[in-house]
Amino acid sequence: VTPPIRPRPHLEGFERPGQGWPSRHDVLRLDMNEAVPGVDPDFFALVVDQLSPAVLSAYPEVDPLYDALVTSLGVSREQLVLTSGSDAGIRQVVEAFCEPGTAMVITDPTYGMYPVYAHLYGLGCVRVPFSASFSIATEDLCAAIGPDTSIVCIANPNGAIGVAHDVAQIEAVIERAAAHGALVLLDEAHIDFGEDVWASRVDELGNVVIVRTFSKAAGLAGLRLGYVLSNERVREGVYAVKPVVEVNAIAALAGRLALEHPDFRRRHVEQTREGRGWLAAQLEERGYEVRERSANFLLVRFGADHPQVMSALAERGILVREHGDHPLLGPYARVTAGPIDSMRHMVDAVDSAVSPAGSRSH
Ligand SMILES: Cc1ncc(COP(=O)(O)O)c(C=O)c1O
């Protein structure tokens with residue numbers, strides 16, 4: 001009799017959610033902080049124009065994308081590793097640098113995959129919560145870093161709560177982590193909406209690694225493209241655990257075109273900032289609390305109107321993110337920002353939910 005085949009013990013019963021929806025292609029996607037409403041049709045045409053049967057059939061050619069990144073960032077090729085989304089970059093960093101039995105320090109809330117990777121690679125996970133005022137004390141973050149810590153993951157700006165950490169706080173974390181031989185992973189998925197401080201310093205800082213993505217401002221979440229930027233020694237570890245070819249061929253092509261035509265990204269960021277400000281003003285005018293504006297989304301508290309607003313959005317095919325009973329985010333809906341035209345649909349749906357007009361209660 002063949003003995004039952006089992007995964008390794010720490011993976012037994014470890015649940016990973018499925019996609020959970022039939023398709024999000026034909027709805028207004030304000031739930032996952034992708035680019036809204038999607039890539040510019042002119043950019044799409046550029047990509048399609050360069051697609052060919054060979055692009056699909058040959059193993060991916062990644063050199064042109066590395067070259068474009070080197071030019072656009074002003075760093076050396078030996079500081080970069082392409083990854084399948086920044087998500088794979090995070091995983092590769094943990095795999096390369098964190099011994100089982102050590103600890104990962106994260107904030108709460110933050111990007112949901114950090115604790116998953118901590119579990120997969122046998123790390124403990126220490127969570128430092130944001131306070132009710134949506135801030136985190138530098139002393140609390142530093143106090144969580146100790147001799148067991150192998151990595152501190154800071155999403156800056158934070159993709160769950162929208163907060164940007166100030167330079168002094170990150171400096172303190174880097175110093176404290178260095179004293180314990182720990183790496184600091186700065187997750188800059190949302191950096192186009194934040195302040196680009198660390199990329200130019202990563203070479204001089206021995207224990208910092210940055211992950212970035214083409215999923216947000218560049219609007220290419222479907223292609224799964226990101227990169228890791230670090231000093232050459234850290235890069236060696238991340239490169240060692242890469243798959244046979246780092247990224248797929250269409251991602252390599254579209255990523256290069258995105259870097260060669262940065263105006264598409266700039267325009268998207270501008271329009272998103274504008275739409276974010278417009279939406280915030282509209283919702284505040286209607287008496288709703290709106291929080292955090294450092295990334296491509298807003299947190300909105302609809303209060304007593306929450307259930308009606310959620311049904312009206314669902315009816316109109318507008319997706320937003322809810323947070324269940326999370327102690328801090330529970331009362332807020334997270335709404336991805338986009339150009340004013342897209343935000344108008346959101347406001348119309350909110351207005352339709354609350355009737356008769358002007359009789360809202362919170
Ligand atoms: C902070 C942060 N990091 C990483 C990711 C993963 O992005 P991707 O794997 O698409 O690059 C996200 C996605 O929402 C995020 O918000």
Side-chain angles (χ1 to χ4, degrees), residues 24 29 31-36 38-40 43 47 60 62 65-66 68-70 72-73 75 79-95 106 110-114 116-117 153-165 184-199 202 208-230 235 238-239 242-243 246-262 264-269 272-273 294-297 321 334 336-338:
R24 295 167 60 253
R29 299 175 295 276
D31 56 335
M32 293 183 76
N33 296 345
E34 297 140 304
V36 174
V39 286
D40 189 298
F43 178 77
V47 176
V62 295
L65 175 53
Y66 273 112
L69 266 179
V70 164
S72 125
L73 298 171
V75 299
Q79 291 180 257
L80 291 166
V81 183
L82 293 170
T83 58
S84 183
S86 55
D87 179 64
I90 295 161
R91 181 181 187 135
Q92 283 174 228
V93 169
V94 174
E95 181 175 1
I106 62 174
T110 191
Y111 178 53
M113 289 302 289
Y114 302 145
V116 173
Y117 294 137
C153 300
I154 305 279
N156 191 43
N158 183 304
I161 193 172
V163 169
H165 296 263
V184 176
L185 181 147
L186 296 178
D187 179 341
E188 296 192 342
H190 294 274
I191 194 62
D192 290 271
F193 300 93
E195 208 190 334
D196 186 356
V197 173
W198 298 99
V202 80
V208 174
V209 59
I210 291 174
V211 298
R212 287 190 176 172
T213 186
F214 285 71
S215 296
K216 308 296 176 186
L220 301 176
L223 293 182
R224 314 305 303 125
L225 180 63
Y227 60 92
V228 176
L229 170 64
S230 66
R235 185 262 190 188
V238 182
Y239 197 72
K242 79 178 180 81
E246 292 91 315
V247 298
N248 75 71
I250 302 179
L253 168 62
R256 173 177 62 75
L257 288 170
L259 293 169
E260 288 173 355
H261 300 273
F264 289 110
R265 191 182 76 230
R266 286 196 202 115
R267 200 172 321 131
H268 173 74
V269 170
T272 300
R273 285 211 173 104
S294 297
N296 62 344
F297 61 89
R321 171 80 189 269
R334 192 184 71 187
T336 304

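Taking Asp192 as the reference, Ala217, Arg265, Val269 meet the side-chain contact (heavy atoms from CB on, under 4.5 Å) condition, with sequence neighbours excluded. Asp40 is linked by a side-chain hydrogen bond (donor to acceptor under 3.5 Å, both in side chains) to Arg267, counting only residues two or more places apart in sequence or in another chain. Shown here are the side-chain contact (heavy atoms from CB on, under 4.5 Å) partners of Ser294, two or more places apart in sequence or in another chain: Pro157, Ala164. With sequence neighbours excluded, the residues that form a side-chain hydrogen bond (donor to acceptor under 3.5 Å, both in side chains) with Glu34 are Arg24. Applying the side-chain contact (heavy atoms from CB on, under 4.5 Å) test to Glu195 and every residue at least two apart in sequence or in another chain returns Val197. Under the side-chain contact (heavy atoms from CB on, under 4.5 Å) criterion, Ile191 pairs with Glu188, Asp196, Arg212, sequence neighbours left out.
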*Trace of the side chain to side chain contact (heavy atoms under 4.5 Å, CB included) decision for Ile90 with Met113*: CA-CA 9 Å; Ile90 295 161; Met113 289 302 289; 5.9 Å; no

*Test Val36 against Phe297 for side chain to side chain contact (heavy atoms under 4.5 Å, CB included), laying out the working first.*
CA-CA 11 Å; Val36 174; Phe297 61 89; over 6 Å; no

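Side-chain contact check for Val39 versus Phe264: every heavy-atom pair is 4.5 Å or farther apart. With contacts defined as side-chain heavy-atom distances shorter than 4.5 Å, the pair Arg224/Val247 does not qualify. Asp87 has its side chain within reach of Tyr111: a pair of non-hydrogen atoms, C-beta onward, lies under 4.5 Å apart.
Judged by distance alone, the side chain of Asn296 and the main-chain N or O of Asn33 form a donor-acceptor pair under 3.5 Å. Side-chain atoms of Glu246 never come within 3.5 Å of backbone atoms of Thr83 as a donor-acceptor pair (strictly under, hydrogens ignored).
A distance of 7.5 Å separates NZ in Lys216 from OG in Ser86, rounded to the nearest 0.5 Å. Distance check: Thr336 OG1 to Met32 CE gives 9.0 Å after rounding to the nearest 0.5 Å. From Leu186, atom CG reaches atom NE2 of His165 across 9.5 Å, with rounding to the nearest 0.5 Å. Of the inter-residue distances, the one linking Tyr66 atom OH with Leu82 atom CG reads 4.0 Å to the nearest 0.5 angstrom. Rounded to the nearest 0.5 Å, atoms CZ (Phe214) and CG (Leu65) are 5.5 Å apart. From Tyr114, atom OH reaches atom CG of Leu185 across 6.0 Å, with rounding to the nearest 0.5 Å.
Listed here is the closest heavy atom pair of Ala258 and Leu220: CB-CD1, 4.5 Å. Between Pro243 and Gln92, the shortest heavy-atom distance links the atoms CD-OE1, 4.0 Å. For the pair Thr213 and Leu225, the tightest heavy-atom approach, listed with the atom from each and the gap, is OG1-O, 3.4 Å. Closest heavy-atom contact between Asn158 and Ile161: OD1-N, 2.9 Å. Gly89 and Val211 get closest at one heavy-atom pair: C-CG1, 4.1 Å. Here the closest non-hydrogen pair linking Ser230 and Val202 is CA-CG2, 3.8 Å.
Remark: Glu260 engages Arg256 in a salt bridge, criterion side-chain N to carboxylate O under 4.0 Å.
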